[in-house]
Colleague: 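Please read through the structure below; I'll follow up with questions.
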Amino acid sequence: MSQGANATPTRTRIGALAAVFAAGFVAVGAHLWSVMVTDHATWSRRSAENRWAFHSVPARRGAIFDRTGALLAVDEATTELTLLYARFRLRHPVGAAVHGATRWAGCLPQHAGKVYDYGDGALGPEGAVRDLLAMPAAVLRPRVLPRQLASELASASATVLAHCSGQTRERVFTALRQAALADDGRCVGDVLAMPRADVLARFDRLWRELRELDARLLRSAATPPGRALGDEERSGLIATLEALRPRSLAGERVRWEAPDPDDPTTTVEKQGSKVEDVRVVFATHVPFDLAAELRVEARSQAGIDVQPTLVRRQEVAEDSALAALLGVVDRIDRTVPSKEWLDTLVDARLPDDWLHDVELPAELDADGGRERLVQASVDHYKREALLRERRGLSGIEREFNGTLTGRLGVRFAAHDSRRREQQLLEHLQVEAGGDVRLTFDLSLQRVAESAARTAHRRQAFGDALDRVRTEAALVVVDARTGDVLAYAGAPVSTPWARNLAGIEWIGNGSVGSLAKPFVLVEQLKAEAMGWTHRPLAGFEACNGRNCGGHAHWDGGKDPVEALAESCNSFYYQSGIGLGEDGVARALRRFGLAPAAAGDPYVACWQPAVAGIPAPAPVRDVERTALPQRAVGYGLQASPLHVARAYAGFATGWLPTLGVTPGARPRVPLDDVVGEVALVERGLRACVQNGTARRLRRLDELGVCGKTGTAEVGRGGENNAWFAGYLPPLGDEGVQMCFCAVVYWVQDAVHGGEAAGQLVVDFLAAVEQDPALRRRFLAEVGR
Amino acid sequence: MTDFPLLPGKRRLEVLGDVDGWLVLVTAALCLCGIVFIGSATHDDPVFHEQQARQALFVACGFGIGFFVLLPHYVHVLRGAWFCYGVVVLALLGLPYFAPEINGARRWYALPGFSVQPSEFAKLAVVLALAALLRFKARARTFDGLFVPMLVAGVPALLVLRQPDLGSSLVFGPVLLAMCYAAGASARSILLVVVFGLGVAAIAYVELLHQYQRDRVDVWLDHWGWDETNLHTFDVREKLRGDGFQPWQALIALGGGGLYGAGLGHGPQNRFDFLPYRSEDYLFAVVGEEVGWLGAMAVLGLVAALVALLLATALRTRERFGRLVCVGVATWLGTQSLIHVAVCGWLVPATGLPMPFLSYGGSSALSALLGVAVCANISARREPVLAGDGFT
């Protein structure tokens, strides 16, 4: 039979098969055309995005040094442990057991509401895994349970069994499915060849290892971060797991308030990722051996990752005043910056023309790719800045944040599937932050803090409330330059104020008799200039009653002696004679009251010292009578401002205080040179034979100073003050000027006894340290 | 068994002159493409860099064995069809007991220096067995007459599915359908077979498929709704990291190829190791990325040409067994190739199925070359029909 001729049915059939195949090839070819040609640009871009990525390089924050070069704060490279809870509960046997058992218990009416946790009780992981493995395999058959639930239970069971038996998940899934279909009464824990008891034993070991890891972290220097999601306190791995578990079960999402786009004056609640999908840091400063162990695949824990990081290490005691002065640093994303702040940061750090001129591969440059890339770089920088950059929240770290903060580096590179960099296209060089050198002397600071603590222990009295209210502080400045050398103690009322931005160290009342020298200068000046005043010759003699029985006058109305003995009667009369303007001018002259524009003393006012949370002096003229104000009542000032004012007596000028070295303007007290000299004699006399005469060592050291006692409590409680200065150490040396205060001491405890003793203790400790003695005391008083 | 009247014997080597040269050429071209692209996919890989050389060896062995398959009349193939089928079924039955578990499946027998995958040879064995069964016309015309062929194809298919190897098991259905159709089964019977097969597939999906296989189907269904607005959501990213990773990377490779490709050895998805198992289950993605749509169409064209040549051989062969073998081999190779390409383009859910002649795999290459060798043998021995033939 000829093969040509008419098509036979078989030929037709084979022809039909050929047509089917042709259609198949055409269909596949058309789909490939759609993907490879029509959508080529999209896929090409995705291919580029697959491998081209920005990687950031965190910048080291600048270090902080004291005046001698001693390190105060520095960035330290360390490792932190992070937890991604979603992965932990899916892929870690402990997490899978807890969640799987909880889900299974939810299916059983008799166990409704039963929730497993990470504790040590019957509902802990050990109980969870036993209950989960006791689940009948038959429930995993199709249509027995809702598909999603069955899938979760199967996945949880597979995770536990795979980890504990060493089998692959695929093998375990196969075994589970076979057991489910067989419906032979086997439980999930019996589907493998490995006996259930062995599986449980292995699980118990895994759980024990996890707890041991947690215990090691808690024992080590791996301190928990300060804040957590939702501001819960977390400490360690298990606590973090337990905090996240209920939120994961509830499907909770991260929420935050954001301005309403339609009405910026109101806020709306926004939701983001699920809480379980957010990577949480639960340990930092992880010891190297522990971190290295977790990097080994055999010892790695699903959901727990080791990441390198930079942390701020302070070389001072955590509870010290210097630590509070240095302040805290935290990740930007934890400080909730505004959008504008972030935009400003990016504008300042990311060059406008970055990536504009670089030669891009074709797939990156096509169809506006460059613009997208530039925008992507900005978005990446913002994201990374939030996560990796830190900023100072308080104290020196905050004040000098601009100097200390470096610039995040960014690399734009192609990488392979294992994130190994293959080709670098462009990079933004990382820049370390600049170092800051302070005027503080670390050794001097420690000595001052020790003296302040001793004074606090000595003077604290009464019940717990009284003891909390007692505060001791000491400020030491260089009278010549205004350098702040030490600031110990913190006259602040809340124990947590040290680490919160915006909280200032505040005073709680009057400076007392410390104000008298300023009033005396004004009195003498007024006499010379003919301003409003009561002449000294017209002062009524002190009857001794107001001053505790001292006889000040022996016909001379000696202002030096009045100052040395701190005669209230003298200063009441002086104040009355000077009037409001005179008393105010007395304080303005020494920077203890603000001066209006045009006032000759406007340059004397320094309300704040950058980096130190001390408030500006405040006068209360409403509730304090004029005579009382002349003896220091109604003037609330920090020891820092008082020390500055007394530096004027030491040098003849008011320095500008600062915490960083460098020339700062000084305000000469040229108009009161003679008056200042006389007052200085009074300050010397105070120490030699006046109210501070019992502090012999001060006299031996040549200190000029003034005691002050201000009654601030209804029970007669006082604030005790002492301010003064040492003689100069030659023309170039440091001239220590100090102000000590002990707030809330018992009635009858006076400034010399409490605050003066603090200064004595401080100077004694300085004397005992050879280096400090060499720097600050030299030959004085030895 | 009815013996075919034999021609006066040709000297064996003379038959080589009657072999369809185009068939050999196209097959050789495909094998060469495979060796080249396997080399491109693996030359940087520290673990798989030997695959190119091994594939070349397998191809050489395949051509060598094929040469010897060409020489005797293919009636011997008919005589040995059931034997081969029995051996293969036994080999499949023995896998759970004698084969080592690799990646959660038992698919290979480990022999010194190499491994053998029975499922690949099962495809050829099923073609031969079905051809042997369906060469009797009457059998093919009724549904119940197709029952045994369904068993013949179904048993190895289920055994392969049990390994588990879903991809390979999918090939048996089209081969059965095509051979039944070519053998003269009525459209109604074919439809019943199709319905029956779909029912089996539905039951298999629910009852037999592993969870991870169902997950692959789910993510395939989901991916049709993905676009720029939801690609970066957490849920989609999790799927792209999980069950959707391989097919997505394959799509990226294909899509990134464009019209002309990135050049041999320069495909970024290939070079940067974003495509796992790219020398086996996703080799066509490498092809598309490196030689573009035009090159991919050229390769597909070779496959289409092979299928066409095999079907043309079937058309020219009046002897039923030979004709059905050619139809079966064409369907097998064509279907497997189309499924492989469709998987690379994520037209169908991801399943591991090598592309005949291109993907790395000794058993796959050998069985495919044997199949073509049998068809070449058939093409060289077209018998004139001297009597009325019921094969219309």
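So you know, we letter chains A, B, ... as the sequences are listed, proteins then strands, and number each from 1. Predicted model only: the values in this text are computed from it and were never measured.
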Colleague: Tell me if a side-chain donor or acceptor on A:Arg13 pairs with a main-chain N or O of B:Ala185 at a distance below 3.5 Å.
Modeller: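 Yes; judged by distance alone, with no hydrogens or angles, the pair exists.
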Colleague: What's the separation between atom CG in B:Leu240 and atom CG in A:Asn50, rounded to the nearest 0.5 Å?
Modeller: 9.5 Å
Colleague: A:Asp416 and B:Phe272: which non-hydrogen atoms are nearest, and at how many Å?
Modeller: CB-O, 3.2 Å
Colleague: Counting heavy-atom pairs under 4.5 Å with chain A, which one of B:Ala253, B:Pro268, B:Gly257 comes out on top?
Modeller: B:Pro268
Colleague: Of the backbone (N, CA, C, O) and the side chain (C-beta and beyond), which part of A:Ser155 lies under 4.5 Å from a heavy atom of chain B, both, or neither?
Modeller: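 Neither part, no heavy atoms under 4.5 Å.
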Colleague: Carefully, step by step, assess A:Phe25 and B:Val341 under the rule side-chain contact (heavy atoms from CB on, under 4.5 Å).
Modeller: CA-CA 10 Å; A:Phe25 281 107; B:Val341 174; over 6 Å; no
Colleague: Tell me, do A:Leu32 and B:Phe284 make a side-chain contact under 4.5 Å, heavy atoms counted?
Modeller: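 Yes; the side chains approach each other to less than 4.5 Å.
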Colleague: Taking side chain as everything from C-beta outward and backbone as N, CA, C, O, which of these in B:Ala314 sits under 4.5 Å from a heavy atom of chain A? Side chain, backbone, both or neither.
Modeller: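 B:Ala314 touches chain A through backbone and side-chain heavy atoms alike.
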Colleague: Just wondering, do A:His40 and B:Leu259 contact through their side chains at under 4.5 Å, heavy atoms?
Modeller: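 In short, these two side chains do not touch, never coming nearer than 4.5 Å.
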Colleague: Side chain, backbone, both or neither: which part of B:Ala330 has a heavy atom under 4.5 Å from chain A?
Modeller: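 Only the backbone of B:Ala330 comes within 4.5 Å of chain A.
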Colleague: Using non-hydrogen atoms and a 4.5 Å limit, figure out which bit of B:Ser337 sits close to chain A: side chain, backbone, both or neither.
Modeller: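 Neither part; nothing is under 4.5 Å.
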Colleague: Determine whether B:Glu228 and A:Thr42 make a side-chain contact, defined as any pair of heavy atoms from C-beta on separated by less than 4.5 Å.
Modeller: yes
Colleague: When heavy-atom pairs shorter than 4.5 Å are enumerated against chain A, which of B:Leu177, B:Leu300, B:Leu275 gives the highest number?
Modeller: B:Leu300
Colleague: Sort B:Leu251 into side chain, backbone, both or neither according to what part of it lies under 4.5 angstrom from a heavy atom of chain A.
Modeller: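 Both parts, backbone and side chain.
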Colleague: Quick check: does any side chain N or O of B:Trp293 sit under 3.5 Å from a backbone N or O of A:Gly29, one acting as donor and the other as acceptor?
Modeller: yes
Colleague: Does A:Ser47 reach the main-chain N or O of B:Ile252 with its side chain, forming a donor-acceptor pair under 3.5 Å?
Modeller: no
Colleague: Return the CH2 to CG distance between A:Trp43 and B:Leu254, rounded to the nearest 0.5 Å.
Modeller: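 Interatomic distance, A:Trp43 CH2 to B:Leu254 CG, rounded to 0.5 Å: 9.5 Å.
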Colleague: Where does B:Tyr260 contact chain A at under 4.5 Å (heavy atoms): side chain, backbone, both or neither?
Modeller: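 Neither; nothing under 4.5 Å.
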Colleague: So do A:Ile14 and B:Arg323 actually touch side chain to side chain, heavy atoms under 4.5 Å?
Modeller: yes
Colleague: Check step by step if side-chain contact (heavy atoms from CB on, under 4.5 Å) holds for B:Trp248 and A:Arg46.
Modeller: CA-CA 10 Å; B:Trp248 186 253; A:Arg46 288 174 181 163; 3.6 Å; yes
Colleague: Contact part of A:Arg45 toward chain B, heavy-atom cut-off under 4.5 Å: side chain, backbone, both or neither?
Modeller: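 For A:Arg45, the side chain is the part near chain B, not the backbone.
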